[in-house]
Amino acid sequence: MIVTSPLKGLIFKLMILILTGAFLIPLTANHSSAGYEFNLSISDKESGFSFSVSNYYRVPEREVIIIRERGIEEDELPVVFFIAKRARVSPDVIIRMRLSGYSWMDISLHFGIGPEVYYVPVKETVIVGPPYGKAYGHYKKYPRHRWHMIRLDDDDIVNLVNLRFISEYYGIPPHEVIKMRAEGKRFVVMDKELKEKKGRHKEEKDKGKGKGKGHE
């Protein structure tokens, strides 16, 4: 079959488009900001946890999602920004140390951040059982001026940082977060449930305002 010049040109253009597309897709998925946001934000819709973290720590949501994609667990995302803020360094510095095998306590001490910063005051005088019993047991064991001797493990630090984050972000007492955590709820789940509860409360409030106007 003889292929005419116009047809040859069309086939050539189609081949270029196909090849370009084949190379462009992985590039945009990994490097292009538009592609990165698209792919990552879809998976993040499952919880919206990254959005809450970005709001609380006042950083772009895209930055939080990229950090998660680099290998930091969702529950550990607040820890990255908590330490980075107090150490006055880029979150990237904290991430590189963490991915190199350093514990959260080692990273904290490296920047002169002692275990006292992780303490969250609670009204309840007794906290029994996991996951907070052990951490608060350390603070109870030592007088405040010796808190620098405490060595918290990774779970302790993750639990305490998220306790502060969830409590302050949603404006609820720390003991409520402790109770939910003791029930086995992950912080991602807490965030989702509290966000939905806040949304329902707002809807009910707005409906109440609408009814009030209707009776005027």
Side-chain angles (χ1 to χ4, degrees), residues 29-33 35-121 130-132 134-136 138-139 142 144 147-170 174 177-178 181 185-192 194-195:
N30 293 301
H31 300 287
S32 162
S33 60
Y36 215 176
E37 285 183 357
F38 176 78
N39 289 318
L40 299 183
S41 61
I42 285 178
S43 62
D44 192 53
K45 284 182 180 178
E46 296 174 4
S47 67
F49 192 69
S50 296
F51 176 77
S52 299
V53 173
S54 72
N55 268 355
Y56 179 75
Y57 287 100
R58 297 181 181 180
V59 294
E61 184 183 6
R62 179 176 176 275
E63 181 179 345
V64 180
I65 297 173
I66 289 174
I67 289 173
R68 189 188 69 191
E69 291 299 311
R70 288 179 64 182
I72 301 297
E73 296 292 331
E74 273 191 310
D75 284 354
E76 295 186 329
L77 291 171
V79 181
V80 172
F81 294 100
F82 182 90
I83 297 176
K85 182 178 180 181
R86 281 157 182 76
R88 296 183 179 180
V89 298
S90 165
D92 185 63
V93 175
I94 307 300
I95 297 162
R96 281 191 276 110
M97 291 185 70
R98 179 61 177 171
L99 296 179
S100 295
Y102 286 90
S103 70
W104 289 123
M105 191 78 260
D106 289 338
I107 296 172
S108 298
L109 294 174
H110 175 80
F111 292 105
I113 300 170
E116 62 276 1
V117 303
Y118 293 107
Y119 179 77
V120 179
Y132 287 98
K134 184 165 66 70
Y136 277 96
H138 290 312
Y139 292 110
Y142 294 95
R144 186 174 287 269
W147 278 4
H148 64 278
M149 299 175 64
I150 295 172
R151 288 298 176 267
L152 301 169
D153 63 26
D154 283 345
D155 288 341
D156 290 333
I157 289 178
V158 170
N159 280 311
L160 289 169
V161 170
N162 276 282
L163 171 60
R164 185 186 299 276
F165 159 52
I166 295 290
S167 173
E168 292 182 356
Y169 186 62
Y170 287 102
V177 180
I178 291 174
R181 187 66 171 140
K185 290 183 180 179
R186 293 180 59 220
F187 294 108
V188 173
V189 174
M190 286 186 213
D191 174 70
K192 184 175 184 294
L194 290 168
K195 192 180 274 90

Kindly assign one of parallel, tilted or perpendicular to the pair Tyr136 and Tyr119, based on the angle between their ring planes and the thresholds 30° and 60°. perpendicular
Separation of Arg70 CZ from Ile65 CD1 (nearest 0.5 Å): 14.5 Å
Validation row: Ile178, Asn159 side chains within 4.5 angstrom (heavy atoms): no
With rounding to the nearest 0.5 angstrom, report the OH to NZ distance, Tyr57 to Lys85. 8.0 Å
Nearest 0.5 angstrom please: Ile150 CD1 to Tyr142 OH, how far? 7.0 Å
How close do Asn162 and Asp75 get, heavy atom to heavy atom, and via which atoms? ND2-O, 2.7 Å
Might you work through the side-chain contact (heavy atoms from CB on, under 4.5 Å) test for Arg86 and Phe111, ending with a clear yes or no? CA-CA 9 Å; Arg86 281 157 182 76; Phe111 292 105; over 6 Å; no
Are side-chain heavy atoms of Glu76 and Val80 found at a separation under 4.5 Å? no
Closest non-hydrogen atom pair between Ala87 and Ile113, with its separation: N-CD1, 3.9 Å
Looking at every heavy atom in both Ser54 and Pro60, which two are closest together, and how far apart are they? CB-C, 4.0 Å
Tell me whether the count of non-hydrogen atoms from other residues, nucleotides or ligands lying under 6.0 Å of OH in Tyr102 goes above 12. no
Ring center gap for Phe165 and Phe49 short of 6.0 angstrom: yes
Measure from the side-chain N and O atoms of Arg181 to the backbone N and O of Lys185, and report whether any donor-acceptor pair falls under 3.5 Å. yes
Could you tell me the separation between the CG atom of Leu152 and the CH2 atom of Trp104, rounded to the nearest 0.5 Å? 14.0 Å
Within the side chain of Ser167, is there an N or O that forms a donor-acceptor pair under 3.5 Å with the backbone of Arg164? no
Show the numbers, then the answer: is there a salt bridge (Lys or Arg N to Asp or Glu O under 4.0 Å) between Lys134 and Asp155? CA-CA 10 Å; Lys134 184 165 66 70; Asp155 288 341; over 6 Å; no
Please tell me if the side chains of Met149 and His138 come closer than 4.5 Å, counting only heavy atoms from C-beta onward. no
To the closest 0.5 Å, what do you measure between CD1 (Ile157) and CZ (Phe82)? 9.0 Å
Distance from Ser52 atom OG to Leu77 atom CG, nearest 0.5 Å? 11.0 Å
Please step through side-chain contact (heavy atoms from CB on, under 4.5 Å) for the pair Phe81 and Val64, ending with a clear verdict. CA-CA 9 Å; Phe81 294 100; Val64 180; 3.8 Å; yes
With distance as the sole test, does Tyr139 use its side chain to make a donor-acceptor pair with the main-chain N or O of Trp147 at under 3.5 Å? no
Looking only at heavy atoms, which two atoms of Asp156 and Pro131 are closest? And how far apart? OD1-O, 4.4 Å
For Glu63 and Ile67: C-alpha separation, side-chain torsions, deciding distance, then whether side-chain contact (heavy atoms from CB on, under 4.5 Å) applies. CA-CA 6 Å; Glu63 181 179 345; Ile67 289 173; 4.2 Å; yes
What is the minimum heavy-atom distance between Val120 and Leu160, and which atoms define it? CG2-O, 3.8 Å
Would you say the side chain of Pro78 lies within less than 4.5 Å of the side chain of Phe187, judging by non-hydrogen atoms? no
Partner set under salt bridge (Lys or Arg N to Asp or Glu O under 4.0 Å) for Asp154, not counting sequence neighbours: Arg98
Looking only at non-hydrogen atoms, find the nearest pair between Val79 and Val158 and report the distance. CG2-CA, 3.9 Å
